[in-house]
Amino acid sequence: MSKGVTKQSEDYAKWYTDVVLKGELADYGPVKGTMIIRPYGYAIWESIREAADKMFKETGHVNAYFPMFIPESFMTKEAEHVEGFAPECAVVTHGGGKKLEEPLYVRPTSETIIWSAYKKWINSYRDLPILINQWANVVRWEMRTRLFLRTTEFLWQEGHTAHASAAEAEEETRKMIEVYRKLAEEHLAIPVYVGQKTDAEKFAGAVHTYCIEAMMGDKRALQAGTSHYLGQNFAKAFDVKFLNKNNELEYVYATSWGVSTRLVGGLVMAHGDDKGLILPPKVAPYQVVIIPIYKKEEDRSAILEKLSQIASDLESKNIRVKIDDNTQQSPGWKFNQYEMQGVPVRMEMGPKDLEKGHVVIVRRDTGKKEFLQTDAITNTLVELMPVMQKDLFDRALAFREAHTKTVNNYSEFKEMIDEGNFVKAYWAGDDRHEEEIQKETKATVRVIPFEQPQAKGTCFYTGKPADKIAIFGKSY
RNA sequence: CGGGGCGUAGCGCAGUCCGGUUAGCGCGCCUGCUUUGGGAGCAGGAAGUCGCAGGUUCGAAUCCUGCCGCCCCGACCA
């Protein structure tokens, strides 16, 4: 196995795979498209999960769990939904050594099984809203898979809420896309465009879909989270009605929303460089890795004693620390390994440092080295963590802004897309126009941002008056 | 499903065209000694149904036939 990772400029896709495999985030499973999430990668997912779960609870949601097996008859109840999902579903036909009377779909998402339960639970407006989230695995038989970004089985959370009015459900849909924006920007340090999907890109079964959309290091777009306003589509399919305050029967209004382990892939591609991963402090399994350097046994014990003191001091301030005193690898090997794994800060201490009462600190994002007096370590690092978190966000934002171009006509559009940019332009086209553009340029409307300019304009493609701008890009 | 490529040690590969002793190399792994401030050195060692099945041949990783699997590009995809 070669030492480093492929350079981004040489082959970005290879770079990504190298970082994920050699950084020990994940490995391939035995079945095509499946993924083993290794402890280091899983720790990153756990951090994302904890942050998200906290926000869900703060917004009034509770967790529950629904079965993985869905009767075939459920899947076929919502026409658009079945059309969208049936081709990519795994189906169980046998159980207990016998052919099943009704095939069971392995959930690709849980709207159907959850709404079949909501039918039992909802009678009156007094039963609403229901604000349930579940953490689960889902299966989609994808043709082309990539670790974290698109795998046959993946982990995610799916919120499924039921409401007594369209307005309330719409408010929930918006509230949750805002939760995702915060998760991406404040926790993962990934800047995102927030807005609405076009009809061509929306969820199968939704009235409309909101999303957060991020730019990766190769300037391609990654859909990082979605929140769907489902209207009464699933309530009608599963006949879920409630008595409103006027004693009238009405179909229930629904939302669903999710983020997945894809976010881990987004994290890799939003911040990584030629040395590997760069983790924002908030998601890093350990924020500081401490590497002792010594030759003689007496140096070793003195250095380790000092370092464990420093480590427990940092831990008392809630900084996650790992001391690597493994003697099998050289310090140089460790430097490279932890850089590949994106640990925010490295601390070194050798005999000379111990003598002088300082340590060496190296920031992963800038590579800058500095000496720190031992009594200043804790305060300095406590202050450094939020600074690094912000710097990473700012850097990603500056990169995205530098590669988002505004255009006024189709030839400019093609040129800018060809160079790999996001394109921002007035848009009044429909599904058909979008398809034409995709055929010619591979780019699609990633999102129609909520944030819009005051002025109206002219659609760059159809020439019609347009009151919205859209963000186009090539996507993962 | 169409086009291209690849299956040889845990990983990455050479050897295949043109059949011929005991199938090599790098990394990793094991043992020992020396090392440790940017992927350590030396010595020794373990590890292979050459993707599977059949055929040709005195002899097959190598030639022939069939099959299986994987990767890349395209189609497809929240």
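Note on naming: letters A, B, ... go to the chains in the order of the sequence lines (proteins, then strands), and numbering restarts at 1 for each one. For clarity, every value in this text was computed on a predicted model and none was experimentally measured.
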Taking the minimum atom-to-atom distance to the side chain of [X], which one of [options] wins?
X       : options                : result
Q337(A) : U36(B), G37(B), G39(B) : G39(B)
W333(A) : G39(B), A78(B), A40(B) : G39(B)
M340(A) : G39(B), G37(B), G38(B) : G39(B)
Q223(A) : C77(B), G38(B), A78(B) : A78(B)
I293(A) : C77(B), G39(B), G37(B) : G37(B)
F85(A)  : A78(B), G74(B), G37(B) : A78(B)
E142(A) : A78(B), G74(B), C77(B) : C77(B)

Indicate yes or no: does [X] engage [Y] in a salt bridge with an N to O separation below 4.0 Å.
X       : Y       : value
D273(A) : K7(A)   : no
E171(A) : R174(A) : no
R400(A) : E213(A) : no

Expressed as a whole number of Å, how far does the [atom1] atom of [N] sit from that of [M]?
N      : M      : atom1 : answer
A60(B) : G44(B) : C1'   : 34 Å
U16(B) : A61(B) : P     : 14 Å
A47(B) : U31(B) : P     : 16 Å
G59(B) : G41(B) : C1'   : 44 Å
C52(B) : C6(B)  : C1'   : 16 Å
C42(B) : U21(B) : C1'   : 32 Å
G12(B) : U56(B) : C1'   : 34 Å
A9(B)  : G15(B) : C1'   : 15 Å

Starting from [atom2] on [N], measure out to [atom1] on [X] and report it in whole angstrom.
X       : N      : atom1 : atom2 : answer
R262(A) : C77(B) : CZ    : P     : 14 Å
K295(A) : G37(B) : NZ    : C1'   : 8 Å
N326(A) : U36(B) : CG    : P     : 17 Å

Should [N] form a Watson-Crick or G-U wobble pair with both distances under 3.5 Å, which nucleotide is its partner?
N      : answer
C76(B) : none
U22(B) : none
A43(B) : U31(B)
G69(B) : C6(B)

Quick one: label [X] by what it contacts on the DNA or RNA (base, sugar-phosphate, nothing), any heavy atom closer than 4.0 Å.
X       : result
R346(A) : base
K352(A) : base
W257(A) : nothing
P87(A)  : nothing
T327(A) : nothing

I want to check one thing: is the phosphate of U36(B), taken as OP1 and OP2, less than 4.0 Å away from some side-chain N or O of S330(A)?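 It does not, given that no N or O in the side chain of S330(A) lies less than 4.0 Å from OP1 or OP2 of U36(B).
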
Within less than 4.0 Å of OP1 or OP2 of A78(B), is there a side-chain N or O belonging to K202(A)? no

Both W156(A) and T145(A) contact RNA chain B. Which one's nearest nucleotide lies toward the 5' end? T145(A)

Once hydrogens and angles are ignored, does a donor-acceptor distance under 3.5 Å link the base of G38(B) to the side chain of E339(A)? yes

Test for a donor-acceptor pair under 3.5 Å between the base of C77(B) and the side chain of R140(A), counting only N and O atoms.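 No pair found.
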
Does the cation-pi check pass for R140(A) over W156(A), that is, NZ or CZ under 6.0 Å from the six-membered ring centre and within 45° of its axis? yes

Y193(A) ring centre to R181(A) NZ or CZ under 6.0 Å, with the angle to the axis within 45°?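 No, cation not above the ring by the 6.0 Å, 45° rule.
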
Begin with the C-alpha distance, continue with both residues' side-chain angles, and end with the deciding distance and a verdict on ring-ring contact (aromatic ring centres under 6.0 Å, His included) for H81(A) and W115(A). CA-CA 13 Å; H81(A) 191 69; W115(A) 279 85; over 10 Å; no

Going by ring pair (Phe, Tyr, Trp, His ring centres under 6.0 Å), W257(A) matches just one of Y229(A), Y210(A), F56(A). Which one? F56(A)

